[in-house]
Amino acid sequence: MTRALVVYCHPLTESFTEATRNSVISGLKAADAEVRLTDLYADGFDPGYSALDYANSRDGGIEPALTGYIEDLAWCDTLIFVYPTWWAGQPSMLIGWIDRVWAGAAAQGDGGATGYGLPKRQNIKRLIAVTSHGSTKFINMVEGEAGKRTLTRCLRSTCHWRARTTWLALYAIDASTLAQREAFLRKVERRISNLT
Amino acid sequence: MLVLLVIADPLEDSFSHLLARRAEEGLLAGGHEVIVLDLYDQGFQVAMSSEERAAYHDDEPICDPMVAEHVAIIQRAEAVVFVYPTWSSGLPAILKGWFERVMVPGVAFRFDERTGKVRPALGNVRRIVGISSYACSRRHMRVLNDNGRRTITRAFRVNTGFGTRTRWFGFYDSTESTESRRAEFAALVEREMAELR
């Protein structure tokens with residue numbers, strides 16, 4: 001059975017990102033997956049990697065506020081990020097989760113460090129991003145697609161060696177019509193329900 | 001030139017802070033005026049708040065007095081220098097948050113009312129410099145894609161002046177570095193910053 005962790009990041013309720021999250025959840029239910037949901041803003045997650053985090057990563061200590069997140073990350077085999085793309089990449093809140101939970105808790109990784117600070121996450125076999133961009137695909141290519149490559153290259157390289165990545169993105173949302181947005185929501189649900 | 005120096009590193013005795021000091025010395029020696037923003041030291045709020053997100057497309061997208069101060073500086077700056085450690089191939093969250101919260105509509109760019117397209121608004125910035133340390137090798141970084149560097153030299157750059165030039169100083173394999181290699185790199189940064197025109 002698929003164990004899916006959904007990491008959701010948007011500051012407002014009733015946002016389009018929230019609607020995509022709901023599509024992801026119903027897709028996962030249709031696929032009979034076990035689901036855990038992390039809502040970073042609702043949790044009031046502190047995204048600032050601190051001097052204390054640094055000390056912990058050296059001494060093997062663990063920040064009590066992070067234990068639940070680290071446990072969820074170790075539990076899942078499918079990790080799904082749902083977020084809006086800001087400044088070409090993940091929102092700082094989500095980057096903070098990567099800094100502190102994924103990378104920062106290096107001492108708790110199952111396969112040791114990987115030479116550039118990130119611990120191995122062998123349990124993750126599937127990485128998925130569901131996101132929306134204000135600008136077009138072309139502008140995103142000019143700007144270097146930092147968000148996409150953070151996922152498909154950097155994070156991917158620390159997962160299971162056969163891990164697959166899926167990129168589900170709605171570009172040019174600023175100029176999109178309601179029909180396009182609804183079609184994207186249906187596509188997300190369909191793709192997620194056909195995960196396995 | 002008025003140079004804005006932005007530092008993002010949680011450790012006060014870090015290599016980033018040393019590099020920032022040396023860069024500042026170089027810039028001052030070159031006759032530039034320097035304003036330093038140490039994001040961790042200032043207690044800069046990392047993530048965009050729900051209040052800020054709700055106001056983002058309004059006439060008043062700035063809700064935090066600290067952000068307003070930073071906006072006043074960036075609108076006068078002719079060069080911006082970023083100093084940070086690269087984590088997970090990208091910017092530390094606090095620096096990414098700085099872009100999200102300070103570079104709002106009306107500051108970094110404007111939405112063209114007629115076409116709905118985004119137009120640059122930081123024509124005053126003519127030079128962008130990045131100084132970053134990497135735990136991995138340059139080759140490995142190339143394979144992973146240097147997402148922090150791209151965010152600065154591409155996504156940020158398109159909002160600045162048309163002929164803006166960028167410089168990048170990458171210190172690779174930082175975890176295996178020797179004292180002498182670090183000193184050499186710091187000296188290079190200081191020398192190059194003194195010659196920034």
Side-chain angles (χ1 to χ4, degrees), chain A residues 9-13 15 40-41 45-55 84 86-100 102-104 113-118 134-136 139-158 172 174-175, chain B residues 8-12 14 39-40 43-54 56 85-101 103 108 111 115-118 134-137 140-141 143-158 173-175:
Chain A
C9 176
H10 198 289
L12 300 177
T13 52
S15 63
L40 294 174
Y41 271 96
F45 183 78
D46 174 5
Y49 183 91
S50 65
L52 182 66
D53 287 332
Y54 178 74
W86 293 341
W87 279 94
Q90 285 81 13
S92 51
M93 180 60 109
L94 185 50
I95 294 187
W97 180 89
I98 295 171
D99 289 347
R100 298 190 72 209
W102 185 307
T114 51
Y116 52 94
L118 282 177
S135 47
T136 60
I139 293 290
N140 275 277
M141 284 165 75
V142 171
E143 293 188 345
E145 299 201 287
K148 184 174 183 178
R149 289 183 167 130
T150 297
L151 185 99
T152 60
R153 297 202 195 168
C154 182
L155 294 183
R156 161 73 181 74
S157 70
T158 73
D174 291 356
Chain B
D9 194 308
L11 306 174
E12 279 167 32
S14 63
L39 300 181
Y40 272 99
F44 187 79
Q45 182 193 312
V46 177
M48 183 182 273
S49 67
S50 46
E51 185 198 3
E52 285 171 321
R53 180 60 212 174
Y56 194 77
T86 292
W87 295 338
S88 307
S89 83
L91 306 173
I94 199 169
L95 184 52
K96 179 68 185 1
W98 188 80
F99 280 102
E100 288 162 13
R101 300 183 59 232
M103 302 290 147
F111 289 107
T115 59
K117 285 188 177 162
V118 176
Y134 301 79
C136 65
S137 66
H140 195 148
M141 200 67 238
V143 174
L144 290 183
N145 196 53
D146 190 342
N147 296 304
R149 179 175 178 171
R150 284 193 178 212
T151 301
I152 289 172
T153 60
R154 295 203 191 182
F156 175 56
R157 184 182 171 282
V158 297
D173 296 310
S174 65
T175 45

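A, B, ... follow the sequence lines: proteins, then strands. Residue 1 opens every chain.
Under the 3.5 Å distance criterion, the side-chain polar atoms of B:S174 are matched with a main-chain donor or acceptor of B:Y134. Remark: side-chain polar atoms of A:Q90 are not paired, donor with acceptor, to backbone N or O of A:I95 under 3.5 angstrom. Looking at B:R154, its side chain does come within 3.5 Å of a backbone N or O of A:V142 through a donor-acceptor pair.
When each of B:G97, B:A93, B:G90 is scored by its heavy-atom pairs under 4.5 Å with chain A, the top score falls to B:A93. Ranked by heavy-atom pairs under 4.5 Å with chain A, the list B:V158, B:I94, B:V143 is led by B:V143. Highest contact tally toward chain B, considering only A:S50, A:S135, A:P91, A:G134, is held by A:P91 [criterion: heavy-atom pairs under 4.5 Å]. With chain B as the partner, the residue from A:P47, A:G48, A:A88, A:G96 showing the most heavy-atom pairs under 4.5 Å is A:P47. Of the listed residues (A:Y41, A:W86, A:W87), the one with the most heavy-atom contacts under 4.5 Å to chain B is A:W87.
Residue A:A175: no heavy atom, backbone or side chain, is found under 4.5 Å from chain B. Proximity to chain A (any heavy atom under 4.5 Å) is restricted, for B:L91, to the backbone atoms N, CA, C and O. The parts of A:T150 that come within reach of chain B are both its backbone and its side chain, each placing non-hydrogen atoms under 4.5 angstrom from that chain. Neither the backbone nor the side chain of B:M141 comes within contact range of chain A; no heavy atoms are under 4.5 Å apart.
When B:Q45, B:E100, B:K96 are each tested for a side-chain hydrogen bond (donor to acceptor under 3.5 Å, both in side chains) with A:S92, only one passes: B:E100.
Between B:R101 and B:E52, at least one side-chain nitrogen of the basic residue sits less than 4.0 Å from a carboxylate oxygen of the acidic one, meeting the salt-bridge criterion.
For the pair B:S49 and A:P11, the minimum side-chain heavy-atom distance is 4.5 Å or more.
Taking the six-membered ring for Trp, A:Y54 and A:Y49 have ring centres at least 6.0 Å apart.
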